[in-house]
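Data first, discussion second: the structure below is written as structure tokens.
Note: hydrogens, waters and symmetry copies are ignored here, and every other heavy atom, side chains too, is used. Throughout, a chain's letter reflects where its sequence line sits, starting with A, and its residues are numbered from 1. All of these numbers come straight from a predicted model, not from anything done at the bench.
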Number of protein chains: 2
Amino acid sequence: MTDQLRIEKQLCFPIYLFAKEIINYYRPLLKDLELTYPQYLVMMVLWENKKSTVNEIGERLSLDSGTLTPLLKRLEKKGFVERQRSEKDERVVEISLTHCGSNLKKAAEKVPEQLIDIMKVDQEDLETLKHLIHKVLRNKNANELDDY
Amino acid sequence: MTDQLRIEKQLCFPIYLFAKEIINYYRPLLKDLELTYPQYLVMMVLWENKKSTVNEIGERLSLDSGTLTPLLKRLEKKGFVERQRSEKDERVVEISLTHCGSNLKKAAEKVPEQLIDIMKVDQEDLETLKHLIHKVLRNKNANELDDY
DNA sequence: CAAAATTAAATTGCACACAACTTAATTAGA
DNA sequence: TCTAATTAAGTTGTGTGCAATTTAATTTTG
């Protein structure tokens, strides 16, 4: 009974640990690009879309303005993005890539394979893991909708 | 080629997201106990061991003194733990549970099942996920040892 | 035994992450 | 239409998480 509280029994601790560990593997690779992991996520959104609002980025990455506003200011300071108020709706801030930010994509394309080299995990296990997490997240969302 | 950088293709984003999401599910449950998730992890270590050094807790949870020292001071302030220098080795700080911290275990024992109720994920999927992450972490460690 | 190396915590500084709140702009509705 | 509700970002405050450094104590070694 009481050993339900043992860390090993818990479902979340390994995931919490694994997430931290992955980010630690990214750190040295991203340092070369002058990016942190969350900044890298934002850049990936922009490399896909060229231009996004703070809201859109937040929805995509599950981050709120309290996290994104200062993060985007840091990316602006580094010269990777531009922030400017929408003319149509003054509440909205549009984030777009600078030349420098666009060019960074080339270097970033090498990151995924570098990561796999460094992490030394079985590629097949990772694929299975990814599918399973997708499934769990998808099912969870579906179950939540049942409440309404 | 270039779509290797799409967020969906990456292995890490779902894990990063899932880890955050789990902690968000814990938040309201742990708020009743006046604990954050990392504080809850530390308390779990102590509920198992009664007394640990900062180092031991850090090894168990993969956290360094830069994270633990202020966290433990907050737990001390809440009256859940006591911190005192070892007499044998003055460098070491021993962390032990107060009465209040020990008593908190009863309430904490309800957390795991509450979490499962709230999260609405398939129990079987979670078990598979846990096993797989354990396997990946274990293999990774084994592979790293090969380097020496 | 004394200097050098190692070790354990603490400190400093930076960057998330999120709750709660504020401000300004837009939309909805009586 | 004009006020009330909603929305988008920003701000403030707290708590991690980690790199880099510091301080003090203990070991190791010459």
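- You'll find the side chain of A:Lys105 stays beyond 4.5 Å of the side chain of A:Leu97, heavy atoms only.
- Atom CD1 of A:Ile95 is separated from atom C1' of D:dA8 by 12 Å (rounded to the nearest Å).
- One distance of note links CD of A:Glu94 with OG of A:Ser52; it measures 9.5 Å at 0.5 Å rounding.
- When rounded to the nearest whole Å, the span between CD of B:Glu59 and C1' of C:dT7 equals 12 Å.
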* Structure fact -> Contact string for nucleotides 12-25 of chain D, one letter per nucleotide 5' to 3', B = base within protein heavy-atom range under 4.0 Å, S = sugar-phosphate only, - = neither, reads ---SBBBB-----B
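- The shortest distance between side-chain heavy atoms of B:Leu46 and B:Leu75 does not fall below 4.5 Å.
- Partners of A:Tyr26 under the ring pair (Phe, Tyr, Trp, His ring centres under 6.0 Å) rule, at least two apart in sequence or in another chain, are A:Tyr37, A:Tyr40.
- For B:Glu56 and C:dT7, the CD to C1' distance is 14 Å, given to the nearest whole Å.
- Between B:Glu56 and B:Thr53, the closest side-chain pair of non-hydrogen atoms falls below 4.5 Å.
- Atoms NZ (A:Lys73) and P (D:dA9) sit 13 Å apart, rounded to a whole Å.
- Cluster membership for B:Ile116 and A:Phe13, using ILVMFWY side-chain heavy atoms within less than 4.5 angstrom, is not shared.
- Between B:Val92 and B:Asn55 there is no side-chain heavy-atom pair separated by less than 4.5 Å.
- When side chains are defined from C-beta on, B:Lys135 counts as touching A:Asp125, because their heavy atoms get closer than 4.5 Å.
- Annotation: proximity of residues 44-55 of chain B to DNA chain C (heavy atom, distance under 4.0 Å) is found for B:Thr53, B:Val54, B:Asn55, numbered in ascending order.
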